[in-house]
Amino acid sequence: MPDGKNILVGITGGIAAYKICELIRMYKSSGANVKVVCTPNALNFVSILTLQTLSQNKVAFEQFEIGDFKPEHISYADEADVFVIAPATASTISKIANGIADNLLTSIAAAFNKPFVIAPAMNTNMWNNPFVQENLQKLAAQGYTIVPPESGFLACGTTGEGRLAALDKIFDTTVDILCGTKKFLSGKKIIVTAGGTVEDIDPVRFISNYSSGKTGCALADTAFRRGAETVLITTKNVQKPYKVVKVKSALEMQTALSEEFDDADYIFMSAAVADFRIKEFNPQKTKKTDSDTLTLELVKNPDILQYLCNKKTSSRPVIVGFCAETENLIENAKNKILKKGCDFIVANDVSRKDIGFSTDENEVYIINRNLDVKKVEKQSKLKIAEEIIKEVYEKSGNLCTHK
Ligand code: CTP
C-alpha cells in the first residue's frame with residue numbers, strides 16, 4: 001500500500017469528474033497523501049469544498065496565486081510521486097502531448113518528470129478522433145500509463161467506448177506504479193465470500209443482517225491485485241475486473257462455493273451467513289390478521305464453513321473463517337476455529353461503533369490453529385485486507401517477500 005506516498009490527482013472538465021471523489025477516498029484509505037489540481041472546467045462538475053474535504057488538502061486551480069515564493073506548478077510537480085489525470089478530456093490529452101501549458105494542471109504536467117497515469121473519458125466519436133488517438137499514442141510512447149476507457153452508457157445518451165475505466169483499475173494501476181506490487185499470488189485461485197445472506201419470508205419481506213460486504217470486497221480486490229485468479233461470491237451488486245458470482249441465500253452461497261471449491265487454493269469466508277431460514281416460503285404476501293403476534297418458523301441453514309472444512313482433503317485449500325462478536329471476542333473466536341475446523345479465523349468486535357459493519361475501518365485479530373493470536377491495529381478495511389492476506393499466505397507455509 002502506498003503509505004505516505006504523494007499522489008497528485010488532476011481533474012479535467014468531464015462528467016466523470018464526479019467519480020473522482022470516490023477515487024480520492026480510495027487513495028486516502030490506502031494511506032497516501034492526496035493533492036488535487038483542477039482545470040477551471042472541472043469545477044463545473046465537482047465542488048472545491050468536496051475535493052478539499054476528501055483530500056484534506058487545499059485544491060489548486062488558479063495558475064497564478066499570491067503565495068509561496070516557489071511557483072505553484074513547480075512545487076506541485078516536485079512534491080508528487082505520481083500524477084493521475086482522471087478524467088482526462090480530449091483537450092487536456094492533446095495539450096499535454098503537445099507541450100501546451102495554458103492552465104495550472106497542464107503547466108504542472110509540463111513540469112512533471114515522474115510517472116503519469118492518464119484515464120481518458122469522453123464521447124465515443126471524440127475517443128475515435130484520429131488526432132486524439134495520435135496524441136494518446138505520443139503519450140504512451142513517452143512512458144505515460146494510459147488506463148483506457150470502457151464501453152458502456154455515456155452521459156451524452158449513447159452507448160460506446162469512452163466511459164471512464166473502473167476506479168479499481170485506476171487505483172490498482174497507481175498502486176502498482178508506486179509500490180511495484182509483487183504478484184505473489186499469481187497461479188493461486190482465491191475465493192472470497194462477502195455480504196449478508198438474504199432469506200426470503202415472502203415476495204416482499206426477508207431476514208438479513210447489517211454486513212456491508214466491504215471487508216470481503218477489499219480481500220478480493222487485494223487478492224486480484226496480488227495476481228490471484230479471484231472469485232468473489234457475494235450478496236451485493238458489484239462490478240469487478242474479476243469473476244463475481246451474485247447469490248442471495250445461504251443455500252445459494254453453498255452451491256456457488258461447491259462449484260468453485262475443487263481447484264481453490266484459499267477460501268476467505270467473510271460473508272455473514274444467516275444461521276436460519278424460513279421453514280416455508282410464502283409465495284404470496286403474508287397478510288396481517290387480527291392477532292397481535294406473528295410466529296415465523298425457522299430452520300437451520302447448513303454451516304457452510306464447517307461443511308467446506310469437512311470437504312477439505314489435504315493441505316488445500318487453506319480455509320479462513322471470520323467471526324463478528326459482541327462479547328468475549330478472542331474466547332469465542334478460539335472456540336469457533338476448533339469447532340469448525342478452519343485454518344485461520346479473523347475476529348472482530350461488532351459492538352464498537354467505530355469499526356466493523358458499514359464503516360470503512362476495522363481492527364481484527366487473526367488466530368491460527370495453534371490458537372496464536374495476532375492483533376491487526378485499527379485501519380482502513382483495504383489495509384486490513386492486505387494484512388490478512390499477507391499473514392495467511394505467510395503462515396500457511398509461504399515465504400512472502402512482498403512490498
Ligand atoms: N458461517 C457459515 N455458515 C453459517 C454460519 C456461519 O459458513 N451458517 C461462517 C461465516 O461465514 C464465518 C464463520 O462461519 O466465516 C463464523 O460465523 P459466525 O456467524 O460468527 O458463526 P456462527 O457459527 O453462526 O456462530 P454464532 O452463534 O456466533 O452466530
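Remember, it's 1-based here, ligands and their atoms both numbered in the order they're listed.
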Presence of salt bridge, [Y] and [X], under 4.0 angstrom:
{"X": "E229", "Y": "K243", "value": "no"}
{"X": "D202", "Y": "R205", "value": "yes"}
{"X": "K300", "Y": "D275", "value": "no"}
{"X": "K336", "Y": "E325", "value": "yes"}
{"X": "D303", "Y": "K340", "value": "yes"}

Side chain or backbone, does [X] bring an N or O within less than 3.5 Å of an N or O on ligand 1?
{"X": "M269", "value": "yes"}
{"X": "L305", "value": "yes"}
{"X": "F322", "value": "yes"}
{"X": "S270", "value": "no"}
{"X": "K340", "value": "yes"}
{"X": "V273", "value": "no"}
{"X": "P302", "value": "yes"}

Return the option from M253, K336, Q254, Q306 holding the heavy atom at the smallest distance from atom 26 (P) of ligand 1.
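Checking each option, the heavy atom nearest atom 26 (P) of ligand 1 is found in K336.
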Select the closest option to atom 3 (N) of ligand 1 among N209, I345, I267, I304, judged by heavy-atom distance.
I304
Determine whether the side chain, the backbone, both or neither of A250 has a heavy atom under 4.0 Å from any heavy atom of ligand 1.
neither
Below a 4.0 angstrom heavy-atom separation, can you tell me which part of A271, side chain or backbone, both or neither, approaches ligand 1?
backbone
State yes or no: are the ring centers of F112 and F83 separated by less than 6.0 Å?
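Yes.
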Exactly one of V346, I367, I345, N348 should register a side-chain contact (heavy atoms from CB on, under 4.5 Å) with C323. Which one does?
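The residue from V346, I367, I345, N348 that satisfies side-chain contact (heavy atoms from CB on, under 4.5 Å) with C323 turns out to be I345.
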